[in-house]
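Note sheet for the following structure.
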Amino acid sequence: MKAVQRGEIMLFNYSDHANNNLDLNLYTCGREVCSKNHSYGPAIRSGYMIHYIIRGKGIYTVKGITYSLTKGDAFLIEPNTLIYYEADKEDPWEYSWIGFNGVKAMEYISRSNISINHPVFHCQSDNRFFKTIDSMIQISSLESNKDLLLTSKLYEFLYLLNKVYPNNNQNSEVKQQKYIEEALLFIEQNYAASITIQDVAKHISIDRSYLHRLFRKYVKKSPQIYLLNLRMEKASILLKRTNYKIGVIARSVGYRDVLLFTRTYKKYNNMTPSQFRKKHKE
């Protein structure tokens with residue numbers, strides 16, 4: 001982070017375009033006390049940006065609409081969209097900002113009702129937005145491993161945005177696909193922990209029967225079969241590539257009972273784990 005003195009303007013600006021996290025990456029954040037009529041644009045930005053007005057006034061123009069903004073307001077800038085903003089000539093604003101991108105950035109923003117068609121939101125009564133941005137600005141001055149904390153704070157900010165300003169108009173198809181993505185990720189990360197399908201449904205807060213219907217629709221198999229296939233495939237990899245005992249492999253794919261694992265594996269693969277290992281070792 002660098003502080004730059006420009007007359008009466010104090011600018012704190014952190015910028016990092018290394019894109020450490022492909023899903024979501026904070027590439028800039030900062031805080032600026034603007035001079036009278038200080039402006040930016042007309043121009044476009046390469047990533048998403050959110051400005052939070054700490055004090056003062058100004059205007060923001062996007063898609064031919066000009067919004068008059070004051071303390072506690074915030075505005076969204078979307079990538080590759082022509083925008084213009086300007087500080088008031090009598091009471092120029094001070095604002096903080098964050099800029100972020102990544103392959104998941106659009107999806108995370110779309111979970112809220114903040115968009116290019118509704119780019120302005122008010123959060124004066126909820127200073128958690130300001131505190132989270134301010135935390136990112138402070139963290140940006142760290143010398144090492146700051147990307148980990150910055151990314152966590154960015155996720156926290158987007159969680160807060162989606163909680164306070166949820167998009168209740170998401171179509172059912174998008175919601176269903178999101179449920180499936182969350183379910184598949186949970187299974188991939190926890191198949192070794194003796195999870196059940198009820199655990200999966202509870203994790204994404206839907207009914208087990210509804211989860212079953214979604215799997216049939218999008219994965220073309222039941223969640224039970226999907227989990228079984230994953231465990232057996234992971235077990236086969238361990239049998240081929242390691243010399244771990246069968247009991248170790250059983251526990252590593254979610255089976256505490258070695259005999260149950262052996263019976264299940266034989267039913268799935270037409271041979272016992274030991275027979276499979278011998279065949280592939282030879």
Side-chain angles (χ1 to χ4, degrees), residues 19 21-27 45 47-50 52 62-63 65 74-81 98-123 125-126 128-129 132-133 151-231 233 254:
N19 201 16
N21 186 340
L22 293 179
D23 279 349
L24 188 67
N25 177 62
L26 182 82
Y27 68 84
R45 297 288 196 177
Y48 288 93
M49 294 190 75
I50 290 177
Y52 175 89
V62 61
K63 293 190 70 176
I65 302 175
F75 61 92
L76 170 72
I77 298 173
E78 292 196 347
N80 305 313
T81 301
I98 57 173
F100 55 95
N101 53 25
V103 296
K104 290 282 191 177
M106 179 184 295
E107 178 197 333
Y108 294 152
I109 283 291
S110 69
R111 295 184 188 182
S112 75
N113 62 12
I114 311 302
S115 68
I116 193 168
N117 295 316
H118 301 92
V120 173
F121 55 104
H122 187 76
C123 42
S125 61
D126 192 337
R128 289 177 295 173
F129 289 96
T132 307
I133 294 178
T151 302
S152 71
K153 283 295 177 181
L154 179 55
Y155 276 112
E156 181 181 336
F157 180 89
L158 292 174
Y159 166 78
L160 182 61
L161 186 71
N162 294 325
K163 180 180 180 181
V164 178
Y165 301 100
N167 182 359
N168 295 319
N169 295 319
Q170 275 190 328
N171 63 54
S172 60
E173 188 78 13
V174 172
K175 288 184 178 180
Q176 289 176 359
Q177 291 176 355
K178 186 172 26 173
Y179 285 142
I180 285 294
E181 288 178 3
E182 292 177 358
L184 293 178
L185 179 61
F186 181 77
I187 291 173
E188 178 66 33
Q189 294 176 337
N190 295 279
Y191 69 88
S194 300
I195 58 169
T196 65
I197 301 307
Q198 182 60 41
D199 294 328
V200 181
K202 183 178 179 180
H203 175 74
I204 59 179
S205 303
I206 65 173
D207 183 77
R208 176 175 173 168
S209 60
Y210 182 46
L211 177 65
H212 188 276
R213 292 197 299 272
L214 292 180
F215 261 77
R216 286 294 187 184
K217 178 178 179 179
Y218 292 101
V219 187
K220 308 304 180 186
K221 61 183 68 172
S222 71
Q224 293 90 340
I225 294 300
Y226 179 86
L227 177 58
L228 173 65
N229 289 349
L230 179 64
R231 283 172 165 163
E233 289 167 6

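This one's a predicted model, so the numbers in the text were calculated from it and none came from an experiment.
- We find the OH-CG distance between Tyr218 and Leu184 to be 12.0 Å, quoted to the nearest 0.5 Å.
- Looking at residues two or more places apart in sequence or on another chain, you find a side chain to side chain donor-acceptor pair (under 3.5 Å) between Asp207 and Ser209.
- Summarising the local packing, NZ of Lys217 is surrounded by more than 12 heavy atoms from other residues, nucleotides or ligands at distances under 6.0 Å.
- For Gln198, the side-chain contact (heavy atoms from CB on, under 4.5 Å) test picks out Thr196, Arg208, with sequence neighbours left out.
- Between Leu211 and Ala183, the shortest heavy-atom contact is CD1-CB, 4.0 Å.
- The distance from atom CZ of Arg45 to atom CD1 of Ile77, rounded to the nearest 0.5 Å, is 5.5 Å.
- The side-chain heavy atoms of Val62 and Phe75, taken from C-beta on, include no pair separated by under 4.5 Å.
- For Asp23, the side-chain contact (heavy atoms from CB on, under 4.5 Å) partners at least two apart in sequence or on another chain are Asn21, Val103, Lys104, Tyr155.
- Rounding to the nearest 0.5 Å gives a distance of 9.5 Å between CG of Leu228 and CD of Glu233.
- Here Ile180 contributes atom CD1 and Lys178 contributes atom NZ; the two are 13.5 Å apart, rounded to the nearest 0.5 Å.
- In terms of modelled atom types and a separation under 3.5 Å, the side chain of Asn162 and the main chain of Ser112 share a donor-acceptor contact.
- Annotation: side-chain contact (heavy atoms from CB on, under 4.5 Å) contacts of Lys221 (sequence neighbours excluded): Val219, Ile225, Tyr226, Asn229.
- Scanning all heavy atoms of the two residues, the minimum distance from Ser110 to Asn167 falls at O-ND2, 2.9 Å.
- Every residue two or more places apart in sequence or in another chain that forms a ring pair (Phe, Tyr, Trp, His ring centres under 6.0 Å) with Tyr48 is listed here: Phe100.
- Not a single side chain to side chain donor-acceptor pair (under 3.5 Å) links Tyr159 to another residue, sequence neighbours left out.
- Contact annotation: the side chain of His212 approaches that of Gln224 to within less than 4.5 Å [non-hydrogen atoms, C-beta and beyond].
- Lys63 pairs by the side-chain contact (heavy atoms from CB on, under 4.5 Å) definition with Ile116, Asn117, not counting sequence neighbours.
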(message) Could you walk me through whether Arg111 and Glu107 satisfy the salt bridge (Lys or Arg N to Asp or Glu O under 4.0 Å) test, starting with their C-alpha distance in whole Å, then the side-chain angles of each, then the deciding distance to 0.1 Å, before giving a yes or no?
(response) CA-CA 7 Å; Arg111 295 184 188 182; Glu107 178 197 333; 2.8 Å; yes
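- In this structure, CD1 in Ile98 is found 10.0 Å from OH in Tyr27, a value given to the nearest 0.5 Å.
- For residues 152-161, every residue pair satisfying the salt bridge (charged side-chain N to carboxylate O under 4.0 Å, His left out) rule, not counting sequence neighbours, is listed here: Lys153-Glu156.
- Legend: residues meeting side chain to side chain donor-acceptor pair (under 3.5 Å) with Ser205, ordered by chain and number and at least two apart, are absent.
- In this structure, the ring pair (Phe, Tyr, Trp, His ring centres under 6.0 Å) partners of Tyr165, at least two apart in sequence or on a different chain, are Phe121.
- Within the 4.5 Å cutoff, side-chain heavy atoms of Leu214 are placed close to those of Ile206.
- For residues 191-211, the pairs satisfying ring-ring contact (aromatic ring centres under 6.0 Å, His included) are Phe186-His203, with sequence neighbours left out.
- Using a 4.5 Å heavy-atom cutoff, the side chains of Ser222 and Arg216 are in contact.
- The two residues Ile187 and Ile195 come nearest to each other via the heavy atoms CA-CD1, 4.2 Å.
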(message) Run the side-chain contact (heavy atoms from CB on, under 4.5 Å) test on Ile114 and Ile50 for me, step by step, so that the C-alpha distance in whole Å, both residues' side-chain angles and the decisive distance to 0.1 Å come before the verdict.
(response) CA-CA 11 Å; Ile114 311 302; Ile50 290 177; over 6 Å; no
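- Side chains of Leu161 and Ile109 form a contact here, defined as non-hydrogen atoms less than 4.5 Å apart.
- In this structure, Asn190 and Asp199 have side chains that are not in contact, with every pair of non-hydrogen atoms separated by 4.5 Å or more.
- Closest approach of Cys123 and Ala74 over heavy atoms only: SG-CB, 4.4 Å.
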